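From a predicted model like this one, the values you see are computed outputs, not experimental measurements. Throughout, protein chains are lettered first and strands after them, A, B, ... in sequence-line order, and every chain is numbered starting at 1.
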Amino acid sequence: MTQENKTQEEMPKAYEPASVEAKWYKHWLEKEYFKPQIDPDKKPFVIIMPPPNVTGELHVGHALTATLEDIMIRWHRMMGEPTLWLPGVDHSGIAAQVVVERKLAKEGLDRHELGREKFLERMWQWAESCRGTIGKQHQRLGVSCDWSRETFTLDKGPSKAVRTFFYNLYKKGLIYRGERIINWCPRCSTALSDLEVNHQDLTGNLYYVRYHLADDKNECITVATTRPETILGDTAVAVNPEDDRFKALIGKKVVLPIIKRQIEIVADEAVDTVFGTGAVKITPAHDPVDFDVAQRQDLPLINILNKDATMNENAGKYKGMERFECRKAILKDLEEDGLLVKTEPYAHAVGHCQRCHTIIEPIASHQWFVKMQPLAEPAIEAVTGGKIKIIPQRFNKVYLNWMENIRDWCISRQLWWGHRIPVWYCNKCGELTVSVEDATTCQSCGSTDIQQDPDVLDTWFSSGLWPHSTLGWPDDTEDLRYFYPTSVMETAYDILFFWVARMIMMGIENTGEIPFRTVYLHGLIRDEKGEKMSKTRGNVLDPLDFLEKYGTDALRFALISGTSPGNDSKLTTTKFEAGRNFANKLWNATRFVLRSAADYKGDMLIKQENLMLEDRWILSRLNATITSASRLLKDYQFGEAQRQVHDFLWGEYCDWYIELAKTRLNSASVESSPLPVLINVLEKSLRLLHPFMPFVTEELWQNIKASLPEDEHFADSIMISAYPKADKKATDSEAEKAIDALIDIVRAIRNARAEHNVEASRKIDAQIYAAGLNSFISPYAGAIQTLAKAKVVFIKDKKEQVIENALVLVLKDSEIVIPMASMVDIDAEKQRLQKEIDAMQAEVKRLEKTLSNEAFVSKAPKAVVDKEKGRLLSARDNLGRLEEHLKNL
RNA sequence: GGGCGGUUAGCUCAGUUGGUUAGAGCGCUGCGUUGACAUCGCAGAGGUCAGAGGUUCAAAUCCUCUACCGCCCACCA
């Protein structure tokens with residue numbers, strides 16, 4: 001250390017995240033470290049970020065996504081792989097439109113008054129402002145993604161991808177327009193896919209209604225329904241053809257109550273003979289099962305609802321009524337006519353709009369659909385064949401179950417915000433034109449009198465293309481060739497079907513390759529009570545609040561700690577505190593190391609011949625931690641990896657190594673100084689921790705760098721430095737054994753002091769006999785004196801032990817004798833010894849039993865048997881010594 | 001109706017090829033102002049790993065069943 005070291009002098013006593021974070025994020029951006037270094041000879045590591053919705057600000061779920069992905073990205077980047085993390089934002093069709101519509105409603109407006117064009121202007125304003133906010137929030141989280149590639153789903157590239165995909169599927173016959181039962185949200189006034197409907201069990205009623213036969217007013221058939229208003233749309237009554245009760249009635253006509261329309265009794269297998277009355281009213285326009293029956297039986301469809309779920313002209317006198325008002329009115333009328341046989345309470349699942357929670361209505365409607373089965377087949381094969389790995393594995397089953405039972409996907413939405421369907425209808429010949437470019441003429445007749453389909457596509461139709469559309473598809477771009485297929489798709493398990501499954505299908509369809517090799521699914525973050533966060537519950541946590549209070553690194557630490565793949569986790573303030581405290585601990589440890597380094601005159605290279613036992617120990621422990629953390633990162637065990645690095649730094653480096661190093665700082669010559677190891681281990685540990693806590697590690701690492709002489713081995717930033725690699729040569733079992741024994745000794749003496757209420761300032765005496773380890777540990781008499789406040793004498797021979805009136809501590813590899821003189825009362829000590837003897841006897845017994853078990857000795861691996869044998873020997877030995885000491889007391 | 005997950009210390013949770021005395025954070029008890037850190041240090045208490053059965057030399061870990069909690073999927077009107 002020849003230069004002046006001002007840095008550490010300026011380090012304040014506590015870590016202050018705010019200034020550090022802004023400084024380094026800016027630096028990283030300026031140096032363009034987030035951009036991938038393309039190298040054709042290296043396989044890149046690629047994550048396409050799940051694009052947040054433009055529905056507001058980021059929440060803690062986004063923060064978790066950002067953290068997990070940033071950990072992977074930073075780790076791989078430090079491993080020297082060309083690393084791309086591509087950020088983006090989703091226009092999020094219906095969800096965003098609902099948000100803006102609500103804002104309009106507050107102004108007393110609705111989108112129809114505004115008109116499509118003006119409304120879309122408002123949407124764009126909103127989306128742009130969200131995009132800005134989301135970007136800023138992401139930066140505060142420290143995400144190291146390539147902002148130069150940031151993409152919005154409505155950008156030119158993704159839009160072209162959407163149209164191209166639509167066009168291709170249409171040409172292949174996999175996209176078609178047809179009349180089917182779809183889920184209609186009266187509030188949003190649009191069709192929804194099956195996935196966008198949440199089923200909720202509600203207790204309603206099952207109403208039994210009597211329909212009289214047309215030709216015999218005395219005879220009737222009774223049907224059961226939960227939605228009596230749909231009677232107005234009935235076009236048949238169905239019974240099971242095998243049902244003897246109704247066989248005679250098949251083909252006869254009944255008269256619908258109230259509107260008096262005559263409908264036929266038909267036979268259809270879909271009818272369950274044991275449910276309800278065994279006779280079902282058929283409302284083909286408002287029930288998927290009835291729709292199918294109608295197709296088979298060639299029944300007419302009568303739609304009774306307007307778009308807003310009021311009754312239409314087919315409802316006769318109920319026209320204009322709101323649907324549930326109508327239900328009440330019909331029930332009243334039925335009752336008056338004596339046709340309501342009975343009413344019983346009935347719990348059944350009712351569909352609600354995922355976005356606005358309005359009860360959805362099944363309605364027969366002309367919509368665009370994707371035929372899914374042909375797309376699902378290769379997507380199933382990709383997972384069963386192991387080309388795509390899902391973590392945790394249990395989601396394979398969930399994924400496959402959904403894929404194998406997939407149904408056609410309704411993709412048209414009667415919204416304004418989104419990708420407009422690339423279809424034009426000809427007003428002259430009635431034919432349609434599907435085109436990637438905007439069409440100007442009809443493909444069939446050449447007429448220019450054409451108009452584009454007013455609807456837009458399901459937002460997931462574009463999200464599903466995300467991994468390849470962001471990289472340039474359908475164009476053959478360099479990015480697409482180099483970065484696709486991507487490496488990991490990291491997202492929450494609740495969008496497995498919405499998004500992940502569709503990306504797999506679409507990716508394979510469009511590129512012939514899987515979109516990503518690994519799917520990592522994280523769990524949901526819940527509040528302190530374990531409740532799912534939602535705006536209506538009002539328990540949504542804003543990550544920015546925590547950022548400001550505890551710092552980004554603490555937030556990231558909190559989000560990851562105690563989590564495992566696919567499992568939900570609770571976010572509690574104690575986790576934030578733990579993260580903040582850890583950052584602060586590192587801060588102070590570094591402060592100490594650098595302060596010590598300022599007085600040190602040698603260089604920082606570790607010289608093998610100068611190493612003391614504790615140096616070898618901490619190097620060995622560091623290496624073990626690197627090995628383990630690397631393995632855990634590779635296995636996506638981020639919570640556990642973080643914990644192990646944390647435990648090493650706090651529990652081994654700070655608690656023991658620094659404390660041991662202090663004992664030789666003052667007296668040490670340059671050769672025997674702990675500084676090289678102190679600083680090297682810290683520097684390497686910071687790199688090990690960097691993916692988890694990027695800011696504090698960068699700041700401390702830079703401080704270390706500044707305190708050292710110019711060194712070309714140090715990169716400009718920790719984030720582009722090499723991730724530590726395990727080195728088998730660093731493993732040192734001799735040093736680990738000796739230092740473990742030393743730690744045992746210190747702990748035992750401290751424990752004895754505490755147990756016997758020795759004053760803190762008082763030094764006690766201790767004789768230590770460390771058998772085979774004596775030569776290793778005896779040099780540490782001074783260290784023990786400092787750490788355990790005991791004057792230590794090492795004895796070579798047990799015979800030298802003076803055990804009269806003394807406390808004897810029997811450890812694994814050593815024995816400590818502490819003269820009782822002023823410390824202890826004998827009875828208490830006898831009791832303590834007896835307790836230990838009991839425990840040791842139990843241990844001996846257990847081991848004897850294990851080892852006398854021939855099956856164990858013959859079947860268990862030799863290493864395990866030997867280990868047990870060794871333990872028995874040492875337990876017997878300890879027991880003997882304990883018993884002897886008790887006798888001598 | 002199918003499927004999945006959870007049940008481990010007072011609380012929140014780790015514990016991934018079955019192998020020492022089951023761990024962490026927080027909380028609790030006692031002690032502590034020696035210049036890294038009170039956002040700290042030292043010591044301690046606290047668990048028949050939901051219950052029952054099974055496989056194994058060996059089970060928190062694998063299998064079966066049961067109980068409770070939670071989630072997902074599903075067109076019985």
CH2 of W650(A) versus C1' of A38(B): gap in Å, rounded? 11 Å
Nearest-nucleotide pick for F592(A), side chain only, options being G32(B), C75(B), A36(B): A36(B)
Rounded to whole Å, please give me the gap between CG in D272(A) and P in A77(B). 10 Å
Considering every strand and a 4.0 Å limit on heavy-atom distances, what is the contact class for R394(A): base, sugar-phosphate, or nothing? sugar-phosphate
Base, sugar-phosphate alone, or nothing: which one does V398(A) contact when heavy atoms must sit under 4.0 Å apart? nothing
To the nearest Å, give me how far apart CZ (F275(A)) and P (C75(B)) are. 15 Å
Is it true that the side chains of Q644(A) and S628(A) contain a donor and an acceptor less than 3.5 Å apart? yes
More 5' along RNA chain B: R631(A) or R580(A), using each one's nearest nucleotide? R631(A)
Which of the following nucleotides, G44(B), U39(B), A38(B), is nearest to the side chain of E755(A)? G44(B)
Taking only the side-chain heavy atoms of K397(A) (C-beta and beyond), determine which of A43(B), G3(B), A77(B) contains the nearest atom. G3(B)
Determine the interatomic distance between C1' on G2(B) and the same-named atom on G54(B); round to the nearest Å. 27 Å
Among C37(B), A74(B), G5(B), the one nearest R407(A) by side-chain distance: A74(B)
Between C62(B) and G5(B), how far is it from one P atom to the other, in whole Å? 11 Å
In whole angstrom, give the distance that lies between atom CG of N751(A) and atom P of U29(B). 20 Å
Aromatic ring pairing F648(A)/Y653(A), orientation class (parallel under 30°, perpendicular over 60°, tilted between): tilted
Extract the stems that RNA chain B is part of, considering only consecutive pairing runs of at least three Watson-Crick or G-U wobble pairs, both distances under 3.5 Å. B:1-7 with B:67-73, B:10-13 with B:23-26, B:28-32 with B:40-44, B:50-54 with B:62-66
Quick note, A224(A) side chain, CB onward, closest among A14(B), U20(B), A77(B) is A77(B)
Against the side chain of K570(A), the closest entry in U12(B), C40(B), A74(B) is U12(B)
Reckon S564(A) touches a base, only the sugar-phosphate, or nothing at all at heavy-atom distances under 4.0 Å? sugar-phosphate
For Y550(A), which of Y15(A), F576(A), F695(A), F557(A) qualifies under ring pair (Phe, Tyr, Trp, His ring centres under 6.0 Å)? F576(A)
Check against side-chain contact (heavy atoms from CB on, under 4.5 Å), Q841(A) and I837(A): CA-CA 6 Å; Q841(A) 270 170 346; I837(A) 287 169; 4.0 Å; yes
Which atom pairs link the protein and nucleotides 23-25 of chain B when you take only N or O atoms and keep those under 3.5 Å?
none

Measure the distance from CG on N396(A) to P on C73(B) and round it to the nearest whole Å. 18 Å
Nucleotide-resolved protein contact map, nucleotides 55-62 of chain B, B/S/- at heavy-atom distance under 4.0 Å: --B-----
Below 6.0 angstrom between ring centroids: does that apply to F692(A) and F582(A)? no
Mind checking Y346(A) for me? I need base, sugar-phosphate or nothing, with any heavy atom below 4.0 Å counting as a touch. sugar-phosphate
With heavy atoms under 4.0 Å as the rule, sort E659(A) into base, sugar-phosphate or nothing. base
G6(B) OP1/OP2 closer than 4.0 Å to side-chain N/O of N567(A): no
Given side-chain contact (heavy atoms from CB on, under 4.5 Å), test F246(A) with I265(A) step by step and report yes or no. CA-CA 9 Å; F246(A) 302 117; I265(A) 297 174; 5.9 Å; no
How far does the C1' atom of G32(B) sit from the matching atom of C68(B), given to the nearest Å? 46 Å
Do any side-chain nitrogens or oxygens of N581(A) fall under 4.0 Å of OP1 or OP2 in C40(B)? yes
For atom C1', what is the distance between G27(B) and G10(B), given to the nearest Å? 7 Å
Between OG1 on residue T273(A) and CZ on residue R245(A), distance to nearest 0.5 Å: 6.5 Å
Nearest-angstrom distance, C1' atom, G30(B) to U17(B): 43 Å
Are L787(A) and L742(A) close enough, and set up right, to give a side-chain contact (heavy atoms from CB on, under 4.5 Å), and what steps lead you there? CA-CA 11 Å; L787(A) 297 175; L742(A) 175 65; 5.9 Å; no
From L675(A) CG over to L665(A) CG, what is the distance, rounded to the nearest 0.5 angstrom? 6.5 Å
F497(A) near the nucleic acid: base, sugar-phosphate alone, or nothing, with a heavy-atom cut-off under 4.0 Å? sugar-phosphate
Taking the side chain of V864(A) as heavy atoms from C-beta outward, which of G19(B), C40(B), U20(B) is closest to it? G19(B)
Pick base, sugar-phosphate or nothing for R747(A), based on heavy-atom distances below 4.0 Å to the nucleic acid. sugar-phosphate
Pairwise P distance, C57(B) and C42(B) [rounded to whole Å]: 44 Å
Using a 6.0 Å distance limit plus a 45 degree cone around the ring axis, check whether K575(A) lies over the aromatic ring of F546(A). no
Donor-acceptor under 3.5 Å (R394(A) side chain, G566(A) main chain): yes
Look at all strands and tell whether R871(A) reaches a base, only sugar-phosphate, or nothing, counting heavy atoms closer than 4.0 Å. base
Measure from the side-chain N and O atoms of H646(A) to the backbone N and O of Q642(A), and report whether any donor-acceptor pair falls under 3.5 Å. no
Picking from C75(B), U39(B), U20(B), the nucleotide nearest the side-chain atoms of R846(A) would be U20(B)
Roughly how far apart are R227(A) CZ and D287(A) CG, rounded to 0.5 Å? 5.5 Å
Look at the side chain of R556(A) and the backbone N and O of L64(A), then say whether any donor-acceptor pair between them is shorter than 3.5 Å. no
So what does K789(A) hit on the nucleic acid, given a heavy-atom distance under 4.0 Å: a base, only sugar-phosphate, or nothing? base
Could you tell me how far apart E699(A) (CD) and A36(B) (P) are, to the nearest whole angstrom? 21 Å
Side-chain N,O (K662(A)) to OP1/OP2 (G35(B)) below 4.0 Å: no
Could you measure between the two C1' atoms, the one in A60(B) and the one in A9(B), and give it in whole Å? 14 Å
